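Report on the structure given below.
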Amino acid sequence: MSDSPAARLQQLFEGHRLTPTQRRIAHCMVRQAADAPFLSSVELAELAGVSQPSVTRFAVALGFDGYPALRRHLREVGPATPAAVDPSYNEYQQAVHAEIENLRHLAGLLADPAPVQRAGRLLAASRPLPVLGLRAASSQARGFAYFAAKVHPDVRLLDEGGTMLADRIDAAQRAGASALLCFALPRHPREVVDALAYAREKGLTVVTVADSAFAPVAGHSDLLIPAAVGTGLAFDTACAPMLLGRVLLEAMCDDLPDAQARLEEFDAQASARGLFVE
């Protein structure tokens with residue numbers, strides 16, 4: 001596994017039963033991983049949008065005497081000073097290097113292929129396969145659905161919210177869906193959380209790609225695989241979630257025995273129709 005600040009925080013939080021408020025604090029700390037050991041409880045509470053006593057209770061839930069003990073632990077296991085910014089890099093280069101670190105973390109996570117392989121089996125077996133992604137995550141869901149439709153017999157993209165979202169989940173479940181794939185990125189829309197809760201009520205197994213194992217959707221996911229986003233620019237960058245989506249496609253293809261035949265059929269049709277410029 002990567003030894004990045006975010007990875008160390010993920011490992012610290014794993015195995016603890018956290019309340020929704022505590023998950024929110026954990027999610028905030030992962031997103032501010034480099035600065036987390038140097039934040040006061042008041043500063044962390046403001047960043048996470050919770051009360052200062054909630055931060056104290058969060059530290060106790062992790063097994064510490066209080067927040068100062070948690071912060072002291074983070075300083076002991078991490079760098080002695082906040083992560084320094086290389087003065088030779090401009091802000092655009094810094095954003096790229098942050099994404100490279102996110103990809104390194106993802107590579108470390110994939111050293112254990114079991115979660116992705118399990119996800120691939122679940123997605124391949126679901127007929128139809130609903131793929132959910134709203135707002136910032138809609139492009140991730142759309143990209144996955146575009147490629148998945150080339151090998152999976154029935155992929156249903158859910159990239160629009162509103163009152164019909166539950167109807168479309170109902171329709172997929174009635175048609176035989178057994179799983180739902182969700183891409184969830186910040187800022188997390190409330191209706192995505194509600195949609196996942198509803199999908200599970202209908203008996204669907206929820207597989208989620210999120211920016212953190214402690215994202216708001218975690219409590220409504222049966223299998224969540226994290227892939228961090230970059231936060232150095234005005235709008236978040238999502239190279240790691242996009243790549244993880246392609247990895248899930250590969251795992252799904254491994255469990256679709258006719259995937260290769262479908263790809264070859266598509267290539268033959270594309271050639272006959274002159275779809276692409278050679």
Side-chain angles (χ1 to χ4, degrees), residues 113-185 188-210 215 217-225 227 238 241-270 273 275:
V116 167
Q117 291 170 343
R118 179 189 171 204
R121 289 192 294 270
L122 291 168
L123 302 181
S126 184
R127 310 289 175 86
L129 172 60
V131 180
L132 171 65
L134 302 183
R135 294 186 179 268
S138 62
S139 61
Q140 308 294 329
R142 192 177 302 115
F144 180 96
Y146 170 78
F147 289 111
K150 298 182 185 301
V151 294
H152 192 289
D154 190 355
V155 179
R156 303 190 182 186
L157 176 63
L158 310 179
D159 64 345
E160 294 182 0
T163 59
M164 291 188 63
L165 182 55
D167 296 344
R168 298 173 72 188
I169 293 173
D170 280 337
Q173 186 271 332
R174 286 196 300 268
S178 57
L180 177 147
L181 173 62
C182 175
F183 289 86
L185 301 178
H188 294 274
R190 184 179 302 277
E191 61 183 329
V192 169
V193 177
D194 294 340
L196 295 190
Y198 184 71
R200 294 181 82 194
E201 287 178 9
K202 302 297 290 186
L204 299 182
T205 300
V206 173
V207 177
T208 302
V209 172
V217 294
H220 301 289
S221 303
D222 296 288
L223 174 58
L224 186 150
I225 307 176
M242 184 273 290
L243 181 55
L244 179 54
R246 298 300 188 268
V247 169
L248 289 175
L249 276 169
E250 186 76 10
M252 186 181 74
C253 287
D254 290 341
D255 274 272
L256 289 170
D258 56 349
Q260 187 59 39
R262 285 179 177 273
L263 285 174
E264 291 174 358
E265 179 184 0
F266 172 79
D267 283 343
Q269 292 177 350
R273 295 163 58 191
L275 284 182

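Since this is a predicted model, take the numbers as computed values, not measurements.
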Got [X] and [Y] here, is their nearest side-chain heavy-atom distance under 4.5 Å?
X	Y	value
P130	I169	no
Q140	V209	no
R127	D154	no
F266	V151	no
D170	Y198	yes
R262	L256	no
H188	R135	no

Which heavy atom of P128 sits nearest to which heavy atom of H152, and what is that distance?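 Answer, listing the atom of P128 first, then H152: C-CE1, 4.4 Å.
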Nearest heavy atoms of A119 and V207, plus distance in Å: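 For A119 and V207, the tightest heavy-atom pair comes out as CB-CG1, 3.9 Å.
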So, the side chain of [X] versus the backbone of [Y]: is there a donor-acceptor pair under 3.5 Å, distance only?
X	Y	value
D159	G133	no
S221	L223	no
H220	V206	no
Q173	A199	no

For the side chain to side chain contact (heavy atoms under 4.5 Å, CB included) test, which of [options] pairs with [X]?
X	options	result
L158	L134, L180, V131	L180
I225	T208, V247, L248	L248
L122	D222, L181, L204, T205	T205

Mind checking what makes side-chain hydrogen bond (donor to acceptor under 3.5 Å, both in side chains) contact with R168, not counting sequence neighbours?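 If we apply the side-chain hydrogen bond (donor to acceptor under 3.5 Å, both in side chains) test to R168, skipping adjacent residues, there are no hits.
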Those residues that, when tested against Q260, pass side-chain hydrogen bond (donor to acceptor under 3.5 Å, both in side chains) (two or more places apart):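 Result, side-chain hydrogen bond (donor to acceptor under 3.5 Å, both in side chains) vs Q260: E264.
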